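This report refers to the structure that appears directly beneath it.
The basis for the numbers below is simple: all heavy atoms, side chains too, and nothing from hydrogens, waters or symmetry mates. Quick caveat, the model's predicted, so the values are computed rather than measured. Note on naming: letters A, B, ... go to the chains in the order of the sequence lines (proteins, then strands), and numbering restarts at 1 for each one.
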Amino acid sequence: MEQVKVSLKDGVEKVYQKGITLLEIAENISRKLGKEALAAKVDGVIKDLSSKVDKDCNVQFLTFEDEEGRKVFWHSSSHVMAQAVKRLFPETKLAIGPAIDEGFYYDFDRDESFTPSDLEKIEQEMAKIIAEDYAFCRKNVSKEEAIEELNKINEPYKVELVEALPEGAPISFYQQGEFKDLCAGPHIPSTGRIKAFKLTSLAGAYWRGDEHNKMLQRIYGISFPKKSMLDEYLTRIEEAKKRDHRKLGKELDLFSIHEEGPGFPFFHPKGMIIWNLLTDFWRKEHSKRGYQEIKTPIILNEELWRRSGHWDHYKENMYFTKIDDMNYAVKPMNCPGGILMYKTDSRSYRDLPIRLGELGLVHRHELSGVLHGLMRVRCFTQDDAHIFMMPSQIEDEIIGVIDLVDYFYQIFGFEYNVELSTRPENSMGSDELWDQATAALQGALDKKGMSYKINEGDGAFYGPKIDFHLKDSLGRTWQCGTIQLDFQMPERFDLSYIGADGEKHRPVMIHRVIFGSIERFIGILIEHYAGAFPVWLAPVQARILPISEKHMDYAYKVKKQLEEAGIRVEVDERNEKIGYKVRDAQMKKIPYMLVVGDKEANENTVSVRTREKGDVGQKPVETFIDEVLTLASKFN
RNA sequence: GCUGAUGUGGCUCAGUGGUAGAGCAGCGCACUCGUAAUGCGCAGGCCGCCGGUUCAAAUCCGGCCAUCAGCUCCA
């Protein structure tokens, strides 16, 4: 009998008989691996465990611990769901059913819509299929066979998918029990491996993600090889929901959004404290770096927006109005205003770069379905700046902005992803200038040694951009900072500067934001800190808790002392027990609770309880003030 | 925008054709209290909006508005 050499991880080599299956190898290595292995990577290609080994190779077994293993597991789970749906609703047509980052979905086409009680039935049927423990069996077919088979079982979406495949591409079917589906695989050995699962939501999704196509019904689910893992997952989701900025914004009285103005947030006094701290910090840091601040109007003549290209490329997102029969637009961006400002004087090469910052309020018409708390709104304040410079200054300026973004984000403890977005379809200018601009951004990123993802076709209509993305509590990412390099606007507005040669030259512009939108940034901050803001940002830094009504006078005396030192403080004057007041302050996530009673009043002290550590003991008022000021002054 | 779900006091939610309910928050009174909820009482609601069915609608039907989830991840 012929033998094959199999190298495993850690360089271990084993010899087996040719034709042995991967599952047999896993079982041979250990019983545990035999039970936990879901698929295996053979010379870098992921395969079913039922595949046979007929030549020397490298094998790496994949379990639920591996991302690729989880994907296989979830993909198989989606097949189980499809099988259940076909059993219960045989008229349903199947579209696609992939694994996603967390779980899986399957898109179905059925005239009637699925209801939540249908989901329960599907779950029950899935449980049966799992208990029946069917093996996933692969069968390779030719393109013609595949189309014939799919026509026979009447799956038009699958036929469309196969027809789009290139000639000679490998095509396979997988079958478990009576259910057969077109699928590249691989799959887990059998349905019984799925020990816990839950169908999580129901949503519409266009066939092939194109809104011109039919809308299908998508069912999302998640599954695990252990029941305890599902429970952990569900508690994690619950915890994440508690951090939701929309919930915390209400509870902590930071902002509100009303039916009277969908997508137009109201900032409450406590929310404005955070806002102003952020913008104070922003102003200080920008002025240190040679930025000047300007302010441009919200409404400007429509003609300006035609000239800037917004009319042609951004009209759908703009609001328009009329003044004395003349057409005006509400600004969706600050750049044209900044450009008009640039043109108010003749500029010399000695003046460049000119860095004009603006906390500009912009309005954009977003589709109603995409509005989301402070994260996606219809009016927001950009911490914008436009840098006008000579071509030779491009790289230094871009690097300066990258450094500034990094400096800001590390202060809040954010990790971020960087993306480079290239020329979109509906854009203006020559390919040559676009290539030049894209290369400049890329060059700066490479010089900084930053890793980034390329986002084809996602640039602004006037230039490519570097985007900085931050994560929300549920792991969704939001674009915050961006740096856009623009050769188009200077051209359109005929911007110039006088060079050393005495001739007119064309400057280049950078559009950039650091926070992105103050609204979105505050939303991200709320979720990042779960509402427990660091002392310097906390809207209320300390709350004084008098033991009883007798201690009210002393409480107000301490309040005055703290206020004079610049500490944001309030007194809980309700006639309640101390435990009640502590609990309330704790839930409002106030960093310091100052308990004051007879002892403190006599000794001119406060008993300090911190949000994180609890009771930390009694100390003189002055000592407490010094400690807080030291902490809070770190950033301003 | 599209698909689905949801909309009842400041907040969280119960109420499925017959006079709108609870808990928390608020206000009042009593207690004067030492580190995560003291007790009693009071007040608070065009049941998202408009229309229809009905003797009667928070409840059933239609339209609209808003909110939530998804709509990129390609068998």
Side-chain angles (χ1 to χ4, degrees), chain A residues 71 75 78-79 82 94-107 113-116 118-119 146 150 155 157-165 169-174 181-185 200-220 241 244 246-247 250-251 253 256-263 316 365-373 455 458 474 476 545-552 574-588 593-600 607-611 613-618:
Chain A
K71 288 271 166 96
H75 183 193
S78 84
H79 276 233
L94 303 177
I96 56 168
I100 50 178
D101 288 346
E102 282 206 324
F104 58 89
Y105 66 78
Y106 214 113
D107 284 346
S113 39
F114 292 112
T115 64
D118 289 337
L119 287 196
L150 291 167
E155 290 291 357
Y157 294 98
K158 298 288 183 186
V159 172
E160 199 180 319
L161 289 169
V162 173
E163 279 170 346
L165 289 175
I171 298 177
S172 53
F173 280 88
Y174 274 81
D181 192 6
L182 174 77
C183 182
T200 48
S201 68
L202 188 57
Y206 301 105
W207 168 235
R208 303 196 141 193
D210 184 337
E211 62 177 343
H212 303 292
N213 287 339
K214 181 163 186 184
M215 179 159 285
L216 309 172
Q217 299 185 65
R218 176 173 296 180
I219 302 178
Y220 284 88
K241 279 186 186 157
D244 189 316
R246 292 166 299 185
K247 184 173 155 66
K250 209 180 275 182
E251 287 171 3
D253 198 15
S256 56
I257 301 178
H258 305 260
E259 284 207 7
E260 291 81 352
E316 303 309 309
H365 179 73
E366 299 289 350
L367 294 178
S368 60
V370 306
L371 301 178
H372 183 93
N455 219 343
D458 220 25
L474 289 174
R476 294 175 290 209
L545 314 179
I547 294 285
S548 80
E549 284 173 348
K550 286 191 303 201
H551 310 107
M552 215 53 90
R574 290 173 299 184
N575 188 6
E576 293 287 352
K577 297 211 314 196
I578 197 66
Y580 178 92
K581 296 181 186 179
V582 165
R583 178 183 153 81
D584 188 64
Q586 196 75 42
M587 291 200 309
K588 293 272 157 55
M593 285 150 265
L594 306 177
V595 176
V596 295
D598 287 336
K599 240 188 311 175
E600 291 77 9
S607 282
V608 181
R609 179 191 169 95
T610 75
R611 184 171 61 187
K613 293 189 202 137
D615 191 350
V616 296
Q618 202 176 336

Stem ranges for RNA chain B, with three or more consecutive Watson-Crick or G-U pairs under 3.5 Å?
-> B:1-7 with B:65-71, B:10-13 with B:21-24, B:26-30 with B:38-42, B:48-52 with B:60-64
How is A/Pro170 classified with respect to the nucleic acid when contacts are heavy atoms under 4.0 Å: base, sugar-phosphate, or nothing?
-> base
Do the side-chain N or O atoms of A/Ser201 get closer than 4.0 angstrom to the phosphate oxygens (OP1, OP2) of B/rA69?
-> no
Sugar-phosphate, base or nothing in reach of A/Ile547, heavy atoms under 4.0 Å = base
Between A/Ser78 (side chain) and A/Tyr106 (backbone), is there a donor-acceptor pair under 3.5 Å?
-> no
When all nucleic acid strands are considered with a 4.0 Å heavy-atom cut-off, which category describes A/Thr200: base, sugar-phosphate, or nothing?
-> nothing
Quick one: which of B/rU12, B/rG34, B/rG1 gets closest to the side chain of A/Tyr206?
-> B/rG1
Under 4.0 angstrom, heavy atoms only, what part of the nucleic acid is A/Gly579 near: base, sugar-phosphate, or nothing?
-> sugar-phosphate
With a 4.0 Å cut-off on heavy atoms, is A/Tyr220 in touch with a base, just the backbone sugar-phosphate, or nothing at all?
-> sugar-phosphate
Within the structure shown, what part of the strands sits under 4.0 Å from A/Glu600 by heavy-atom distance: base, sugar-phosphate, or nothing?
-> base
If every non-hydrogen atom of A/Phe114 is compared with every non-hydrogen atom of A/Ile219, which pair is closest and at what distance?
-> CD1-CD1, 4.0 Å
Ignoring hydrogens and angles, state whether a donor on the side chain of A/Ser113 or A/Gln217 is under 3.5 Å from an acceptor on the partner side chain.
-> no
Tightest non-hydrogen contact, residues A/Gly97 and A/His75, listed as O-CD2, 3.3 Å
Please tell me which of the listed nucleotides, B/rC33, B/rA36, B/rG1, lies nearest to the side chain of A/Val582?
-> B/rA36
Determine, step by step, whether A/Asp210 and A/Arg208 satisfy the salt bridge (Lys or Arg N to Asp or Glu O under 4.0 Å) criterion, reporting the C-alpha distance in whole Å, the side-chain angles of both residues, the deciding distance to 0.1 Å, and the verdict.
-> CA-CA 5 Å; A/Asp210 184 337; A/Arg208 303 196 141 193; over 6 Å; no
Just call it for A/His372: base, sugar-phosphate, or nothing, with non-hydrogen atoms closer than 4.0 Å on any strand.
-> sugar-phosphate
Classify the nucleic acid contact of A/Lys581 as base, sugar-phosphate or nothing, counting any heavy atom under 4.0 Å across all strands shown.
-> nothing
Could you tell me whether A/Ile171 contacts a base, only the sugar-phosphate backbone, or nothing, with contacts defined as non-hydrogen atoms closer than 4.0 Å?
-> base
Specify the closest pair of heavy atoms between A/His551 and A/Asp598, including all atoms of both residues, with the distance to one decimal.
-> NE2-OD1, 2.8 Å
Smallest heavy-atom separation, A/Asp107 atom then A/Arg218 atom, equals OD1-NE, 2.6 Å
Picking from B/rG4, B/rG34, B/rU38, the nucleotide nearest the side-chain atoms of A/Val595 would be B/rG34
Do any side-chain nitrogens or oxygens of A/Arg246 fall under 4.0 Å of OP1 or OP2 in B/rU67?
-> no
Taking atom P of B/rU72 as reference, at what distance in whole Å does atom CZ of A/Arg208 sit?
-> 13 Å
Which is true for A/Leu367 with a 4.0 Å heavy-atom rule: it touches a base, it touches only sugar-phosphate, or it touches nothing?
-> base
Under 4.0 angstrom, heavy atoms only, what part of the nucleic acid is A/Val162 near: base, sugar-phosphate, or nothing?
-> nothing
Using atom CD1 of A/Ile100 as one end and atom P of B/rU72 as the other, report the distance to the nearest whole Å.
-> 12 Å
With a non-hydrogen cut-off below 4.0 angstrom, is A/Leu165 in contact with a base, only sugar-phosphate, or nothing?
-> base
RNA chain B: A/Arg218 or A/His365, which has the more 5' nearest nucleotide?
-> A/His365
Separation of atom CD in A/Glu102 from atom P in B/rA69, rounded to whole Å = 15 Å
Establish, with yes or no, whether the OP1 or OP2 oxygen of B/rC33 is under 4.0 angstrom from a side-chain nitrogen or oxygen of A/Lys550.
-> yes
Taking the side chain of A/Pro262 as heavy atoms from C-beta outward, which of B/rG4, B/rG34, B/rU67 is closest to it?
-> B/rU67
Base, sugar-phosphate, or nothing for A/Arg609, non-hydrogen atoms under 4.0 angstrom?
-> base
Starting at the 5' end of RNA chain B, which residue's closest nucleotide do you reach first, A/Ala95 or A/Gln217?
-> A/Gln217
Expressed in angstrom and rounded to an integer, what is the separation of A/Lys588 atom NZ from B/rA37 atom P?
-> 15 Å
Donor-acceptor contact present, side-chain A/Lys158 to main-chain A/Ala146, <3.5 Å = no
Could I get a table of every N or O pair under 3.5 Å where one atom is in the protein and the other is in nucleotides 24-29 of chain B?
{"from": "B/rA25", "atom 1": "OP1", "to": "A/Tyr580", "atom 2": "OH", "distance (Å)": "2.7"}
{"from": "B/rG26", "atom 1": "OP1", "to": "A/Arg574", "atom 2": "NH1", "distance (Å)": "2.9"}

